[in-house]
Structure formats: structure tokens, C-alpha cells
K.L.:
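Sharing a structure, written as C-alpha cells. Questions coming.
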Amino acid sequence: MNYPEFKQPLNYGQVGTDILAWWKQNGIFEKSVSTREGQPTFVFYEGPPSANGAPGIHHVMARTVKDIFCRYQTLLGKQVHRKGGWDTHGLPIELQVEKELGITKEDIGKKISIEEYNQRCRETVMRFKQQWDDLTEKMGYWVDLDDPYITFEPEYIESCWALLKKLYDKGLLYKGYTIQPYSPAAGTGLSSHELNQPGTYRDVKDTTVVAQFKVKRDEKSEKLFAGADEAVETFILAWTTTPWTLPANTGLAVGKNIPYVLVRTFNPYTYAPIRVVLAKALVSKYFTEKGATAAFEEYVNSDHKVLPWRTEGEFTGADLVGIRYERLFGQEAGFPAFEGEENAFRVIPGDFVTTEDGTGIVHISPTFGADDFRAAQLAGVPALLVADDEGKLGPIVDRTGRYVPQMGEFGGRWVKNYDGHDESAADYRTLDVDISIRLKERGRAFKVEKYEHTYPHCWRTDKPVLYYPLDSWFIKTTAVKDRLIELNKTINWQPESTGTGRFGNWLENLVDWNLSRSRYWGTPLPIWRTQDGTEEICIGSVEQLKAEIDKAVAAEIMTHNPIKVSGSLSLVSSSQEGEDQQPATRNQKLDLHRPYVDDIFLVSPSGQPMYREPDLIDVWFDSGAMPYAQWHYPIENEGQFRKNFPADFIAEGVDQTRGWFFTLHALAVMLEDSVAYKNVMANGLVLDKNGNKMSKRLGNAIDPFTTIQQYGPDATRWYMIANAQPWDNLKFDLNGITEVQRRFFGTLFNTYSFYALYANLDGFQAREFDRVPYAELSELDRWILSKLQSLIQEVRGYYDGYDPTKAARAIQDFVTDQLSNWHVRLSRRRFWKGELTQDKKAAYETLQECLVVISQLMAPIAPFFAEWLYQNMMGENDELGMMNAELTAQKPQFSSHNSSFITRAESVHLTLLVQADEARIDKALEERMELAQRISSLTHSLRKKSGLKVRQPLQRILVPVFNDTTREQVGKVEDLICAEVNVKHVEFLDDTSGVLVKSVKPNFKRLGQQYGAKLKAVGARIQQMSAEEISQLEKTGQLAVEIDGEAYTLAPDDVEIRTQDLPGWLVATDGPLTVALDVTLTDELRQEGVARELVNRLQNLRKDSGLEVQDKVRVTLQQQPELEAAVQSFGSYIREEVQALALDFAPEISGGSVLEFDEFSVPVLLNVATA
RNA sequence: GGGCUUGUAGCUCAGGUGGUUAGAGCGCUACACUGAUAAUGUAGAGGUCCCUGGUUCGAGUCCAGGCAGGCCCA
């Protein structure tokens, strides 16, 4: 067998294409799962992408991360199923369809039927599936594309229903309300994107009030009353631009860390003496400098232009929390009582409170503000709700924008001008104005003024929008909050901070999960209710629905039962219908979407008709339900589900923290009292090279297809993983891929090519059981094998710890710095010289082992190139590896797998990852090789300084050593150093020689611990140490010194002694290491130098003449005394190097070339020797 | 506005538990090397370690407060 040889440069894109074809042809992905049958599983969940847009380069990033760990676990012998999936519901799809049809939500049901509309959504959502599948394959993401779960399929929806029913039965599903933008004029809620239409936010002038809320005196508020005049009432000031919400006030919010002051002053309208609380930073907004000194006594009888005031106390928001106050519009004034009133009218914390405007205290009406609602809910403050004629609770404003009749003197008033009143008419007074007047009269308004601000308006009616409570279905996640938090602590988050921080905080501030969406394309809420809401049913399966419809038909509420399917849906039956059917057309008989489900009416136990609650559910429920719904569980396949729950690993973008990561977690905790995943990686964004977000609009988006084609999938993946840790944002720069390609893959390719070239020449083949025994290997070989074992340990550790970046960097450093640039470079002549000796065989075997192990270690990150390398190295050679055929056929013995042998398999991805053979790790050897590298580097540096090129041999270098260990260590690598830097000997200089000039450096770390503040003086003294003192410290192990009149004893550890100079020598130092170079040139050395130059020039000539490495030649040089002397001494060396059978001199040479070096100019004749 | 996160050489990034002289690769300059050669070696230029305070004998590192970018949420 020959090792395949390739021309440079390798076409990495082609490698990807070729390997991909080979994988497909041989079903390698399938085998990577099937050969692990019966082994422990590693469960991975695919977060479903949406195929309604083209995939971008960031998807390559996210999917590379997923792929890496699945492949790694497979290499460990585990079975990793990867069921793909598609997220198919949701607003983005609806918006896209509307854009394409040129319609709005309003038109649905009018210009286009819901049926047609949903059909369009169904067609649109998978439009880019081909592209996605294509990218998936080309980037080497191994996921099962043939049997994905699809969220719009009836089985999937049915599973969601079953899960919802489980929650319903646990009492975790309830109907409530949320605050949403609402247009009373249009009678409809507005989505946030409708609110973001241009022109919706307009400047309006509204009447605003700073209202006074009277503090109730009790233990909590006592601090506001300390030493105060009993008769003077104390108020909290709060500003609002919507005075009509004041009658619905139930709380006041403060910022916990904001400073507040208590100010004594007067009510500017009634002149009553009062004390008020407001933010310290806003005092100047309401009080003048003059007022600070104005006399209180004179105010009442003055012109009231200057309001006197004095600060009487200062508090933080936290001090104020819990204080109670009197209701502004209470029952005594004819306003209704409400449920939970005893918990209302309290000061609560609000993280949205600022001191930018108003009073730094925010009036809270939970029915008319989203912040208000949330803060009130967290603090247990109720909303003010009143019952209508049917006893149904609602806010004080009805859906048309009027106060309900119970609102005393204001009952029936419009809160904004929704009835088209002429605003310029003399009798026109807004509700805001009337409320303000009433407050003024009662001494409860501190300031009333017109104020211009921006306010959102309905894009259709141009009327102001209200923030209004709208019906919603919720999952009571707060009921399991503690369990959510507890179980989250058992999840391994990568990076950890996302789990404790972003996710942890989110759980701490959890509110109930709002499931409702007023849309068309999504999973319908399976709840039917009677008109009055007193009876309802939650449907958990198609079978149940069918049975309920039968009842309705019997009760003559329905005419017939539209569900024809017998029994419940089954995934098995549907997929058996026909392999070639597209998912979109499967199960066309049954569609659980709108409008079909809306046309189903059921009958309640009391005989009332029940209608489906019109909402769809949040699409995040769809994706959070995938651990169950992908198997059609709980309808069927319990076993499948159990085997694949919870996941060992998931990975998505950090933006999924409150999305998929949360819904998976929430559902798992509520349904299974378990985590949904044990390890999770939240990866960052892919930005352009300048750190800007990529977007098609800016034209800085990178096309993943052209990138992969041009640079190959491996370099692309490697770059993304090696450049930044996945959870950091990646600044994507194509130059970076080029660099990875050149530096890492190029070097690895060169290393392989080098191996292949010579191994083929020698006809060498590695045989696992015919190797040079480890004990007989050279230092160099044992060193790189030791490094290799260390690398295996290290890389496994990084993969195990979900840190692929460090794994990639470790592999990269090993390949470029250790393997290529040291081991191979120093071994070069071992390969191209002479017969297949034991040393040469060892060189091949060592390099072979390194390359094959590298192919395994890199396989998760660069699967194509790893395969390429592995196949090239292994070829058809079945003698490699241990009992390989057996392993592939028999399935890996996971539990007993503990081999440092390389397993032979059809593909590198079917192998078992080697274990580090710790017996081969030799730290002392690694250390002394590093010494060799550093000494060589220093020597090169000295040559450079003295102008002595490496081809000129030198006699010796001197290395001062202070202990026997170093001496022994360097001694063992002397040959390597000599060869590398072209010197004859390494000599050691020990202390006793006395010629070294030494210097000391204080060891601050040690000294600091010992002397603390006196360190400076001690350090200065140490730097002044004389040569005698240094010597004494070295010899006796201590040195007594006096510093500032105090006696100290220094120990050797207190200082670091270095060689500074060696008089008369050329010296270089690197930390504690010093090298001196003997630059004396003897005649013999000069001759050898000449010989080497000659070899070099002849090699160039061979190369230029197009000779192959193995060609033999005859060389004739023109006579020249120095040359002849050199050839005299080094003839055989020269002949061997240049593969010359003869090396002769002739008086005159014509027709040849001329070799030029140093001062020489030599005519030469070079002929290929024919046998 | 809040939570999280990032900020170190022109670029991309390393810098356990604090230690005085902050590193690597790429890029740049110069020289060398040349049977792995689009590789390699040596030397050089290049730094307010985002800013301000604090703790400490000593802060890139710890604490507080800012600034700037990013994500999520309002």
C-alpha cells in the first residue's frame, strides 16, 4: 500500500466535498449511531430552527458547537441519537406571509380566509428547508434529517395538547389577564410591532398631576413622624400623565436605592401646612432656593409666590417600602370596594423607578400599566377590579374606553376623547381635568399642569392607545418557582454566569408564563368554555376530542363529527403511509389548526354549548415541549421518551436563555420534576470583523455556503471554535480562516506529506504489533509521545468540560510547535538518510502514531479533514490497530474500553478515542526538551549577534549550571542541541569555576509574605548585594544583613540568582538560563563549514535540475585548494548528503553550473548516475 | 432604566489563589535559513492593561463608582 500523496496546496473545499460523498455512500453517520447500539446513550436535543429564512454563518457556529460534543461522545463509545426538528409556528412566519400577500392582520377572515392564510404559512415555513439541509450536510453537522419532528404536524400538536392537559389537571393552567396595548376605538389589542409602526408615537399635551397620598401613621411610617406636629399631615407625592388612572391606584413604587427626603411645606392650592416625601434629586423641581429660607409664618397671608420649605429627614427607598397610605378615591366618596383591598395602598419597590422626572415615586395602577402590573404582582398588591352585571371582574374602564358605572361621580365618563367630542367646544372638559380639579379641592394635588410628551396612538384610528388588561391564559410557573431554582443549580451551564446570572435572576423574578397569542398560525389552545365561563374542558388528545364531539352531535350542537381518524393519532401509522411523502402533506386528513378547531363546538355537562378559547399558545411552548412531542409522547412511545430524557447536552444562542432554555426547564420541572438538560452551552453572537451585527441590510453578512466552499468546512469550523470561546461573541473575519488554514491545516498537511513521501519511498507500513519497543526509542521520539499522551489527557479534559476552544488550541499548538517545528524538523535527516534502520523505523512509527491520534482528537471539530487524514494514514491496512475488524463488528466495549491503542475502523468517527498511556508521560523528559529548545534558541541568537551562520560548525557552547539535576537534564539532550545549532559539544560550567558574574533579583512574592511593609528596604538591599555576598548566600545557605539598623537573615529562596555575564564570552540569557558561545574557528571547523556550504549548493542544484529525492548523481568540481582540502576531510559526508556516487575534481569544467558561496565561485558538473 | 457580558500591542487572543521587566500568533521592519519552502529561525518597532477612586509594601489581577460595545428584558 502507498500513502496517498497530494499536490500543494490542498483544496480543502474539495476535501469536504469528497469526504461528504464518501460518508453518504457508506452511511457513516448511520453507522456512528448503529455501531453504538446497546452502549450507554448520550442524549442530545436539537433546538429546532425555523426554515422560513436562509441560514447564516452564525448557524454554522451554533451547529458546530452541537456537533462537536455529539461526535466526541460517539468517540467515547456512547450512542448519540440526534433527531432533527423544525420550528414552524410563530409571528415571523405570519408577518412574512402578510408582507408577501400585501395584507394586514385586519384582512384575515375578510380578504383572505383563515384557512387560506394558514395554508400560506404552511407553505412558507419550510421554504428554505432545502438550503438548511444543504448547509447541514456541507458543514458536517451530523443530525438526522430524515425523521425530524415538525411542530405543525398533528401528532406534535396533539402531544402539546396532552401536556397542556396534564398542566391543567395539576391546576397550573388558568385564565387571567395581562396589560397590553389596546385601542378602545378599534376594540382590539395591538402587537408590539403594530405599535412600532411609524407615526404611532405623537406629541400630545395632557393634564398632569402630582398627587398627594396621605401616609397612615403606624410602626412602619413612624420615622416620617418623629417629633412632628400632629396636626400637619404627611403625604407621598407621585406624578402621573394619566390622571384618569388615579382612581385605580393601589400602590406607590419607589427605587430601593434612591434617596428620598421629607419636606415641610404648604399645599400651594389650599395653603394647608403639609409634609411631603419625594426624591432628593427632584426637590429643586418643586421648590425654589428662596423658599428654603422663606418664613413659614408669613406664607398664608402672602401672595403665595414663594413656597417656603425645609427638609426634615432623609430616607432611602428601602426605608419607605411597606408604608401604608389612604386610598385617594375611597368608598366614602362613592367609589367601589374591591377584593384584596386590605393588601393595597402600600409603598412597594419598583426597579423601573427613576429620578429623571416626576417625584421619583411612581403611582401604580396594576390594570393600566405593564410595569405597574408586574411590580404589584411581585409585591402582592391587588389590582382594583369591579364586577359587571354578570359578576365578571374587570377594570374600571370598559372595552370602549369609558369608566364603568360604579365609578361614582365619574361613572360613564370617557377616559380619552373616544366619542369624537369637539375638543374646542366651551363645555369640553377631559376626565383628567375633572379629576385634577377634584384633587385640588380636596387638598390632594400638589401640582397640576399641562405637559407635552409622546404617547402611542392606534395606527388605524389615530386615537390614543390604552394599556389595558386583556384576557390571557397562563401557566402558573410561580407555583414551582422554588423547584425551578433548586433544579437549575444542578445544571452545568457553560458559561456558568449565564446560569446563575441571566437565567438565575430571571427565575428569581419569575412571573406566570403568558401562553396566549391572538394569532392564526400556531398550536391552538385546547380549551372549550361555555359562554359564561362557568364550565370548561381541556382536551388532551384527538381521541378525547372525537369522543366529546360525538357527545355534542348527540346533543345536536354539532351536526356531524369531522374527525374521521379512528382512535388516536400514531406516528408509526403516519410515517408508514409512504416514505416519499413530504412532511407537509402527511396527515392532510386531519388538521388541528385554526380554523378547523374553531368550528368544533362541544357540550358541557349541564348541556351548554362550549366554544374554543380563541387563543393560540406561545410558540415557545412548542419548542419547550420537544422532549415529549418529538416522540408523540405522552400519547405513545413512553419507552422512547424515558430513554431520551433528560438531555445530557443542549446548546443554543444566549438569546434563548428566556426562550428555549426556559421553556424546556419549566415544562420539565412541572411535568417530570426534573431538569430537561444536564449540560447547556449558551453561545454568543457572530458579529462582523468590526464587531457590528451582521445584517443583509448593511451588506456585512457572510454567506455560509461560499465560505465553506472556498475555505472548506474544517477551517471554517476550526476558526470559529479556536478563535474565541463559543460563549463570547465572535468577530468573524475571513482572514482568520485563511490563517487557520495556513498555519494549522497547512502545517498538518505538510507533516503528513512529509511522512507519506518518505514512507512510500521506503515502502514503510506501520504494524501495531511490530514496533520498535518503547524502551528503545530515542529521547526525541519518547518526548513527542510523552507530549502526545499529555495532549490526549488535556484535550479529553477540555471536551469533557465543554470547552472546545481550549481543546482546539491545545491540538493546534501541539501540531505546529511540538510535532512539526521540533520533532519533525529535528528528525528530517532520519527520514531521508539511508536504509530502513531501527531508528528510521522508529521515526516513522512515532510520526504515524502522532498523526493518527491527532486525526482522532481533531475529529469532533474538523470532521472532514480528520477523516481525510485518518483514511490516508490507515488506508486499507488492516494490520493496524488492535483487532479492529472485531471492534467495528462487535460494537465497542464501552465499559472496558481503556486502550491507548488506536482502534481501526471504517471511519475515524467510528473509532474509540485513545486513552492517554500515563506510563509514557515523562515530565522530566518534557522539561529537558524544553531546556534544549531554549538553549538552541539562545545559541541561534548568539550566532546571529556574532554573524556566524548556522552552517558554520562551532566547537562548543558553555552552559552554567547550578545543580546536578539541570546538568543531567541538559546532558541527555546534548546531541539534539548540538545537531540543531551545529556545535560540537555542550560544556557545563559550575559554580566553582568562579568566572561567572552573577546578579540577584529579589523574590518579591516570598519577601512580601515575610516582611510586608519592610519589603521595599529589603528589596533595595538585595539589589545591592556584592559578588561576595551572593557567593556566601549560595554556599552557606544564608546571609546576614543589616537594614535600617535591624538585622535580617536572607535565605536562598528570598532571591533569584542569575548569571549575568561570562567575561570574554558571547553570552545570552533567558531567565535563569544562560548560554555562552565559543566563536573560535579552527581550520577543521572552517573546512567543515565549506563542506556544508557545498552540500547546500549541490542540493539546490539537484532541486533546480528537477531531480527526485532518491536520484543518485556524479559530481565534478573544478579544482581549488580550499575545496579540495574540505573534500579531503569531509568527502564521504558530502557524497552521502547529496546522494553522490562520485565526487571528483577536474582542472577545467565547461557546460556546467557555477556554485557561489562565501568567497567561492565554483564551476560544477552534475550528472545523474545511471545504475 | 434593569440583568448579564466584554474591554490587554495595528488585528485575534493568553494572562490559577495580587509580586515590581505584561505574553503568544498574525501583520510590519531587518537579517538569516532553504530537499517540509506560500514553511522556518533570530532581532526589532509596537502597550495610559477602558477611566476614576479605594484596599495593599505592591493592582492587568481584589473592591466601589463610572465610560464604551454587545445580548436579553422593560
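Below, read A as the first sequence line, B as the second, and so on, with proteins coming before strands; counting in each chain starts at 1.
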K.L.:
Using only side-chain N and O atoms of A:Ser497, determine if any of them is under 4.0 Å from OP1 or OP2 of B:U5.
P.N.:
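For B:U5, OP1/OP2 do have a side-chain N/O of A:Ser497 under 4.0 Å.
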
K.L.:
Can you see whether A:Glu652 engages A:Asn683 through a side-chain donor-acceptor pair at a distance of less than 3.5 angstrom?
P.N.:
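Distance-only check fails for A:Glu652 and A:Asn683.
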
K.L.:
Rounded to whole angstrom, note down the C1' distance from B:A22 over to B:C49.
P.N.:
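Between the two C1' atoms, the distance is 8 Å.
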
K.L.:
Strictly below 4.0 Å, N to O, side chains only: are A:Glu980 and A:Arg825 in salt-bridge contact?
P.N.:
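Counted as a salt bridge, because a side-chain N and a carboxylate O are separated by less than 4.0 Å.
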
K.L.:
Any side-chain donor-acceptor pair under 3.5 Å between A:Trp718 and A:Gln812?
P.N.:
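Yes - a donor-acceptor pair under 3.5 Å links their side chains.
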
K.L.:
Determine the interatomic distance between C1' on B:G1 and the same-named atom on B:C63; round to the nearest Å.
P.N.:
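Those two atoms are separated by 25 Å.
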
K.L.:
Let's test your reading of the model: under 3.5 Å, does the base of B:A39 pair with the side chain of A:Ser820 as donor and acceptor?
P.N.:
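When only heavy-atom distances are counted, A:Ser820 does not reach the base of B:A39 through any donor-acceptor pair under 3.5 Å.
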
K.L.:
Tell me what A:Val824 touches on the nucleic acid: a base, only sugar-phosphate, or nothing, going by heavy atoms under 4.0 Å.
P.N.:
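Base contact.
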
K.L.:
Just call it for A:Asn1096: base, sugar-phosphate, or nothing, with non-hydrogen atoms closer than 4.0 Å on any strand.
P.N.:
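Counting heavy atoms under 4.0 Å across all strands, the contact made by A:Asn1096 is with sugar-phosphate only.
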
K.L.:
Taking the C1' atom in each of B:U48 and B:U42, what is the distance between them to the nearest angstrom?
P.N.:
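Looking at atom C1' only, B:U48 and B:U42 are 31 Å apart.
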
K.L.:
Compare side-chain N and O positions of A:Arg658 against OP1 and OP2 of B:C72 and report whether any pair is under 4.0 Å apart.
P.N.:
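No, because none of the side-chain N or O atoms of A:Arg658 sits under 4.0 Å from OP1 or OP2 of B:C72.
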
K.L.:
Mind checking the P distance from B:U61 to B:G53? Whole angstroms is fine.
P.N.:
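Looking at atom P only, B:U61 and B:G53 are 14 Å apart.
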
K.L.:
Between B:C13, B:C26, B:U37, which nucleotide gets closest to the side-chain atoms of A:Ala724?
P.N.:
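My answer, after comparing the listed nucleotides, is B:C13.
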
K.L.:
Classify the side chain of A:Arg502 and the base of B:C71 as holding, or not holding, a donor-acceptor pair under 3.5 Å.
P.N.:
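Present.
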
K.L.:
By the 4.0 Å heavy-atom rule, please label A:Asn1100 as base, sugar-phosphate, or nothing.
P.N.:
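Since only primed, P, OP1 and OP2 atoms lie under 4.0 Å of A:Asn1100, the category is sugar-phosphate.
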
K.L.:
Nearest to the side chain of A:Arg374, which nucleotide is it out of B:C71, B:A74, B:G41?
P.N.:
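Per side-chain heavy atoms of A:Arg374, the pick is B:A74.
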
K.L.:
Quote, to the nearest angstrom, the P distance that separates B:C50 from B:G35.
P.N.:
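Approximately 45 Å lies between the P atom of B:C50 and that of B:G35.
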
K.L.:
Which value, in whole Å, describes the distance between the C1' atoms of nucleotides B:C62 and B:G44?
P.N.:
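These two C1' atoms come out 36 Å apart once rounded.
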
K.L.:
What contact category does A:Ser753 fall into here, base, sugar-phosphate, or nothing, at under 4.0 angstrom with non-hydrogen atoms?
P.N.:
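Nothing, no heavy atom under 4.0 Å.
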
K.L.:
How far does the P atom of B:U21 sit from the matching atom of B:C28, given to the nearest Å?
P.N.:
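After rounding to an integer number of Å, I get 32 Å for this pair.
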
